[in-house]
Amino acid sequence: MNSLKFNKNINELSNYAEMVMNKKGPEYTTGSKDVLNNFKATAEKIGVEPLDIWFAYFDKQVSSIAAHVGNQNLKKAEPLVSRFADIINYAQLGYALFIERGDNDK
C-alpha cells in the first residue's frame with residue numbers, strides 16, 4: 001500500500017472514530033459533563049478502579065480484532081472499521097483516565 005492510500009485510509013478511520021465518539025458519548029456519559037463518567041460509575045458499582053473497567057472494554061475490542069487475525073472467514077458481528085474506531089476511542093479515553101489519575105509523563 002502506498003503512502004497516499006495509507007493516509008487516505010487513516011484519515012477515513014480517524015474521521016469515523018470521531019463520529020462514533022460524538023454519537024456514542026452522550027449515551028455513555030448519561031448526562032454527565034464528565035466524558036469518563038461511564039468508567040467511573042461502573043467502577044463504583046462493582047468496587048474497582050475506573051481503569052479496570054476501561055481495560056475490560058478496550059480488551060473486548062482488541063480480542064474481537066484478534067479473533068479475525070487467524071480466521072479470515074469468521075462472521076463479523078460488526079464491521080472491522082467499527083472495532084478499529086472503538087480501539088482508537090478507547091485508547092484516547094484510557095489516556096485521559098491515566099492523565100486524570102496523575103500519570104502525566106509529558
Side-chain angles (χ1 to χ4, degrees):
M1 176 179 296
N2 67 40
S3 63
L4 287 176
K5 181 146 178 76
F6 175 79
N7 289 332
K8 179 181 181 284
N9 290 332
I10 294 305
N11 286 331
E12 288 173 358
L13 178 59
S14 294
N15 290 337
Y16 185 78
E18 184 176 354
M19 183 272 304
V20 168
M21 180 79 83
N22 290 334
K23 186 175 180 180
K24 289 183 178 180
E27 183 178 325
Y28 287 125
T29 58
T30 58
S32 173
K33 291 181 180 183
D34 185 352
V35 297
L36 304 172
N37 183 61
N38 183 34
F39 305 107
K40 294 173 183 177
T42 302
E44 188 174 330
K45 287 176 195 172
I46 61 176
V48 298
E49 295 297 317
L51 276 165
D52 295 322
I53 301 302
W54 167 81
F55 181 72
Y57 295 171
F58 178 76
D59 187 56
K60 174 182 171 269
Q61 302 303 325
V62 173
S63 294
S64 175
I65 294 292
H68 292 281
V69 169
N71 187 350
Q72 187 174 346
N73 298 316
L74 183 63
K75 184 176 179 187
K76 296 170 185 72
E78 61 184 85
L80 290 180
V81 67
S82 180
R83 297 288 186 185
F84 279 103
D86 283 340
I87 287 170
I88 290 168
N89 291 334
Y90 279 116
Q92 293 173 343
L93 292 163
Y95 182 65
L97 283 166
F98 274 102
I99 296 291
E100 192 171 76
R101 187 175 78 173
D103 294 343
N104 188 354
D105 56 358
K106 291 182 188 178

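If you read the sequence from its start, that first residue is 1, and numbering goes on from there.
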*Asks:* When rounded to the nearest 0.5 angstrom, what distance separates OH in Tyr16 from NZ in Lys23?
*Replies:*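 Nearest 0.5 Å value for the OH-NZ distance: 7.5 Å.
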*Asks:* Report the C-alpha separation of Lys76 and Arg83 in whole Å, then their side-chain angles, then the decisive distance to 0.1 Å, and conclude whether the side-chain contact (heavy atoms from CB on, under 4.5 Å) test is met.
*Replies:* CA-CA 10 Å; Lys76 296 170 185 72; Arg83 297 288 186 185; over 6 Å; no
*Asks:* Taking a hydrophobic cluster as the set of Ile, Leu, Val, Met, Phe, Trp and Tyr residues connected by side-chain heavy atoms closer than 4.5 Å, whether directly or through intermediates, do Leu51 and Val48 fall within one such cluster?
*Replies:*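 Yes, same cluster.
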*Asks:* Between Ser63 (side chain) and Asp59 (backbone), is there a donor-acceptor pair under 3.5 Å?
*Replies:*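 Yes; at least one donor-acceptor contact below 3.5 Å.
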*Asks:* Indicate every side-chain donor-acceptor pair of residues 27-34 with a distance under 3.5 Å to a residue at least two apart or in another chain.
*Replies:*
unit_1: Thr29; atom_1: OG1; unit_2: Gly25; atom_2: O; d: 3.1
unit_1: Thr29; atom_1: OG1; unit_2: Pro26; atom_2: O; d: 3.3
unit_1: Thr30; atom_1: OG1; unit_2: Asn37; atom_2: ND2; d: 3.3
unit_1: Ser32; atom_1: OG; unit_2: Asp34; atom_2: N; d: 3.0
unit_1: Asp34; atom_1: OD1; unit_2: Leu36; atom_2: N; d: 2.9
unit_1: Asp34; atom_1: OD2; unit_2: Lys40; atom_2: NZ; d: 2.5

*Asks:* Check whether Phe98 and Ile88 end up in the same hydrophobic cluster, where Ile, Leu, Val, Met, Phe, Trp and Tyr are linked by side-chain heavy atoms less than 4.5 Å apart.
*Replies:*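 Same cluster.
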*Asks:* Could you note down all residue pairs passing ring pair (Phe, Tyr, Trp, His ring centres under 6.0 Å) where residues 58-94 supplies at least one of them, sequence neighbours left out?
*Replies:*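 Every ring pair (Phe, Tyr, Trp, His ring centres under 6.0 Å) pair that includes a residue of residues 58-94, provided the two are not neighbours, is Trp54-Phe58.
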*Asks:* Can you sort out the partners of Lys24 under salt bridge (charged side-chain N to carboxylate O under 4.0 Å, His left out), two or more places apart, ordered by chain and number?
*Replies:*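 Lys24: salt bridge (charged side-chain N to carboxylate O under 4.0 Å, His left out) contacts with Asp86.
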*Asks:* I need the full list of salt bridge (Lys or Arg N to Asp or Glu O under 4.0 Å) pairs touching residues 47-57, with sequence neighbours left out, sorted by first then second residue.
*Replies:*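 For residues 47-57, and leaving out neighbouring residues, there are no salt bridge (Lys or Arg N to Asp or Glu O under 4.0 Å) pairs at all.
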*Asks:* Should Val69 and Val62 be regarded as members of a common hydrophobic cluster, given that ILVMFWY residues are connected when their side-chain heavy atoms come within less than 4.5 Å of each other, either directly or indirectly?
*Replies:*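 Looking at the clustering, Val62 is in a separate group from Val69.
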*Asks:* Looking at Ala43 and Pro50, what are the two nearest heavy atoms and their distance?
*Replies:*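 Distance-wise, the nearest heavy atoms are CB-N, 3.5 Å.
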*Asks:* Are Ile65 and Phe55 connected in a single hydrophobic cluster, I mean Ile/Leu/Val/Met/Phe/Trp/Tyr linked by side-chain heavy atoms less than 4.5 Å apart?
*Replies:*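 They do share one cluster, since a chain of ILVMFWY contacts under 4.5 Å joins Phe55 to Ile65.
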*Asks:* Looking at side-chain heavy atoms only, is the closest gap between Asn89 and Tyr57 below 4.5 Å?
*Replies:*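 No - every pair of side-chain heavy atoms lies 4.5 Å or more apart.
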*Asks:* Are Val35 and Ile99 in one and the same hydrophobic cluster, where Ile, Leu, Val, Met, Phe, Trp and Tyr link if side-chain heavy atoms are under 4.5 Å apart?
*Replies:*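 Different clusters.
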*Asks:* Report all side-chain donor-acceptor pairs from residues 2-10 shorter than 3.5 Å, counting only partners two or more places apart or in another chain.
*Replies:*
unit_1: Asn2; atom_1: OD1; unit_2: Leu4; atom_2: N; d: 3.1
unit_1: Asn2; atom_1: OD1; unit_2: Lys5; atom_2: N; d: 2.8
unit_1: Asn7; atom_1: ND2; unit_2: Ser3; atom_2: O; d: 3.1
unit_1: Lys8; atom_1: NZ; unit_2: Glu12; atom_2: OE2; d: 2.7
unit_1: Asn9; atom_1: ND2; unit_2: Lys5; atom_2: O; d: 3.3

*Asks:* Under 4.5 Å between side-chain heavy atoms, chaining through other members, with only Ile, Leu, Val, Met, Phe, Trp and Tyr counted: pull out the rest of the cluster around Leu74, sorted by chain and number.
*Replies:*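 Direct or chained contacts put Leu74 with none.
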*Asks:* If every non-hydrogen atom of Ala85 is compared with every non-hydrogen atom of Leu13, which pair is closest and at what distance?
*Replies:*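 Shortest heavy-atom separation between Ala85 and Leu13 comes out as N-CD1, 3.8 Å.
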